[in-house]
Amino acid sequence: MSVTHAPEGSVDVLRRQDPELAEILLGELDRQATTLQLIAAENFTSSAVLAALGSPLANKYAEGYPGARYHGGCEIVDVAERVAMQRAQALFGAEHANVQSHSGSSAVLAAYAALLRPGDTVLALGLPYGGHLTHGSPANFSGRWFDFVGYGVDAETGLIDHDQVRALARTHRPKAIVCGSIAYPRHIDYAFFREVADEVGAYLIADAAHPIGLVAGGAAPNPVPYADVVCATTHKVLRGPRGGMILCGSELAERVDRAVFPFTQGGAQMHTIAAKAVAFGEAATPAFSAYAHQVVANARILAAGLAAEGLVVTTGGTDTHLITADPAPLGVDGRRARGRLAAAGLILDCCALPHDDARGLRLGTAAVTTQGMGEREMGRIAALLGGVLRGEVDGKRARAEVRELAGRFPPYPR
Ligand SMILES: *Cc1c(COP(=O)(O)O)cnc(C)c1O
């Protein structure tokens, strides 16, 4: 499913008033349309989502929640927020949705604020294995305010070490267990984490920032029936505006809401909330479900293609949109590989590799699938990537091939 209206129209006004910024916006649009966005966390929102984001709802101050605001004149934006909440609740089968979190990190901060006190012990996937900054990094509030214990993945299989999770939970008796990752390519066994959390009396927080869009499309298991609180972003596979949300049962609704506002945020961003509602509406369609399944099918083909090119694919493949791979067998580490590929127009991330000091590559298929690419194009991308890293395809030729491929699948067709 590709989006059907060029966003250049909205730049016209800007072009007349501020050519400098108009140039920048058009330059970025051109960059996105002529390179391949393989960053696992990125996607192309629809023009309907962009329209809501660029709307006068951005002008409205709305501290509080629908029906209980600190500002006047909220009667219309209240409806927008109620629609966003109802759509999210229906989409994920949740009793309560808070759609005000400004980002995925803000959603996690609020989840901790709702359930924990500073100094509490939290068990989460360790950062070297794909834990997010908010899962205990010393550079983040989480590492400073809580006592994080990290579980890991099996050195052989790359899969989450369930025996270790259970053993660490029994030893450390955490107040909360976090499951969710920035780089884990497989489904997470939420029933297992629920069982361990129940055994030690911990809350279960699912940080589903990455897979929540696959959940919406029925292409990944839903954490909502298992976790006490689910944190998510709206801008990754879900294809909405940049932002976060929190899903929970009615018994925690009030604590979660108070943890978002007034504890960690001020006024809600009503244009973003309206855009989230638009994205939830899109995600409830059969077309989005087909999209989510195609994202996974594309990732499986791309992973197999990368393995055939000689990269070592973590866990041997993927269940999701996300792949991590070690390019070392091609004689290059992740950091240098990322630079070389970027010069060719293949835009992706480095990531930590489990049990290895070198950096690997992390890539995803959400954006290229939105553009309408399928399994044939994934094979072509894998071959190009391998050719560039082996030095067989020179940068100029690779860049021309990427430009040609991207040109056939414009993210915003005119
Ligand atoms: C992306 C991500 C986040 C943070 O989202 P931001 O919107 O960048 O703050 C948090 N947790 C996980 C697991 C993520 O993948």
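Remember, it's 1-based here, ligands and their atoms both numbered in the order they're listed.
Side-chain contact check for D257 and H96: at least one donor-acceptor pair (N or O, by modelled atom type) lies under 3.5 Å. With 3.5 Å as the limit, one finds a donor-acceptor pair spanning the side chains of N98 and Y65. A donor and an acceptor atom, one from each side chain of Q100 and E81, are located under 3.5 Å apart. Of the N and O atoms on the side chains of D207 and H132, not one donor lies less than 3.5 Å from an acceptor on the other residue.
The aromatic rings of Y151 and F193 sit tilted relative to each other, their planes meeting at an angle between 30° and 60°.
Side-chain N or O atoms of T318 include one that pairs as donor or acceptor with a backbone N or O of P185 at under 3.5 Å.
Sorted by chain and number, the residues within 4.0 Å of ligand 1 by heavy atom are S103, G104, S105, H132, S181, I182, D207, A209, H210, T233, H235, K236.
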